[in-house]
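Bear in mind that the values here come from a model prediction, so they are computed numbers and not experimental data. Read the numbers this way: they start at 1 and go in the same order the structure lists the ligands and their atoms.
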Amino acid sequence: MRIFSATLATESNTFSPLPTALSAYKESVYLRPGEHPSDTPLMCTAPLFVARRRAKRDGFELIEGSCFAASPAGTTNRADYEAMRDEILDQCRAAMPLDGVLLGLHGAMVAYGYDDVEGDIIERVRAIVGPECVIGVELDPHCHLTLKRVAGAEIVILYKEFPHTDVVERAEEVLDLVLRTIRKEIRPVMSLYDCRQIGSYPTTLPLMRGFVDKVSAMEGRDGVLSVSIGHCFPYADVPEQGGRILVITDGDKAKADRLATEIGQEFVAMRGRTAPDYLDAPEAITTALGLNGHPIVMADPADNAGGGAPSDNTTILRHMIERGVEDAAVGPIWDPIAVRLCFDAGLGAEFPLRFGGKTGPASGQPIDATVRVTGLAQDCWQSFGPTQVPLGDCACVRVGGIDVVLITKRTQALGLELFRNVGVEPTEKKMLVVKSTNHFHAAFGPIAKKVLYIDSDGPLPRDYRKLPYTRVQRPIWPLDEQTSPGLIL
Ligand SMILES: [Zn+2]
């Protein structure tokens, strides 16, 4: 048995001021066959990582392809996408004959000329491998679950958790189901229900937690092979935007239709009740100051690099400085120039620094302050579940009573190392501001006395009606009140 695996992934915020080029992939994940590390999966590479571990035991030969992944930002350049895609397709062609293909994709990648990158990749892989080969795909729930990609693959499985702590488990399932399909033990059929809604669904909140647990319990019995909940990725102006439910059963299309409809209708009924309450920055600071205990973790989802934002918005920090907040830390602010200046000034230096507020209008104004450099560290990383996410060189500067962590590799707040790398102990701070939508919760939730969510003026507004969509299929909630959800496959 011969199985090929590769990754091509990013999450494209088509409204982002940051273009995505080959350099962004080279900074994140840019690995040729055999170069993938053995000890940890990287961004969207879990299928290859899992397949490598299991090849011998499960009796197949793994042919490794390239793995390319970039941190979320704007649309990828067309020529760069086509070059990476064609490299993988050439590897796939050279690996023939194949029984199976495992693709670690994200699901919300957009390239100039390609609204549905994943659908394009799957369609081209199919043209090479033929109709008998089994294609299995792992996607992020923040994806556009398009008809083309679902129709083109035998197995599609999305992570269930947000924060995405189950990337490896879901990749194991993709491999399990691909192997069982190749061995003719199962005959997967899929149904797709379009919920016609845009929303946010952290699984750390009770309603969504219960929903995920309920659908998980349906799997592995009565012929139900897999249930995936497509949350959607709101910050992309693509036609097939929106939440969808995908059900895979063993040969029973009517049952898949029934179940997808039932689960889809329940998801629709949850509209407006799945996201946390958001405060504005002054309210959040007042609330945090009034609470006993520490740390009060305050999230800034509107400037989440994980959603393609620059992560250099200064609004919350400015309010904190103006209020004279003490005993607080903020991170990460992406500002490679400021980090360079801090390294040049040296540890302990006190000097006037301009930082943040650079990339676009939604970054706010830069902060000009006399800062003290309290921490410097090279080549840092932070952990997120089993994965290590690079931060690049980092500096910590103190402005009044606030420690600000500046980073060079743009990413969101995920692990406590973000602060500890530069000598800040997050558990000892009264207030901890983290730029992240909800992934921060995996590491910062357990240490938090309380978590507050702020809707700042960063580039990822929590009210999707503020986004300048022009190409999204309508009607869709909350842009439209009346919608017509239903089965589309
Ligand atoms: Zn995601």
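The Zn ion (ligand 1) lies under 2.8 Å from an N, O or S atom belonging to His164. The Zn ion (ligand 1) lies at 2.8 Å or more from every N, O or S atom belonging to Glu11.
Atom OD1 is the N/O/S atom of Asp140 found closest to the Zn ion (ligand 1). Between the Zn ion (ligand 1) and the N, O or S atoms of His142, the shortest distance is to ND1.
Across Leu22, Ile121, Thr75, a single residue satisfies side-chain contact (heavy atoms from CB on, under 4.5 Å) together with Tyr81, and that is Ile121. Checked options Val247, Ile245, Asp257, Ile488; the residue passing with Leu192 is Ile488 (criterion: side-chain contact (heavy atoms from CB on, under 4.5 Å)).
Using bins of under 30°, 30° to 60° and over 60° for the plane-to-plane angle, the ring pair His142/His164 lands in the tilted bin.
Taking 4.5 Å as the limit, some side-chain heavy atom of Asp403 sits within range of a side-chain heavy atom of Lys429.
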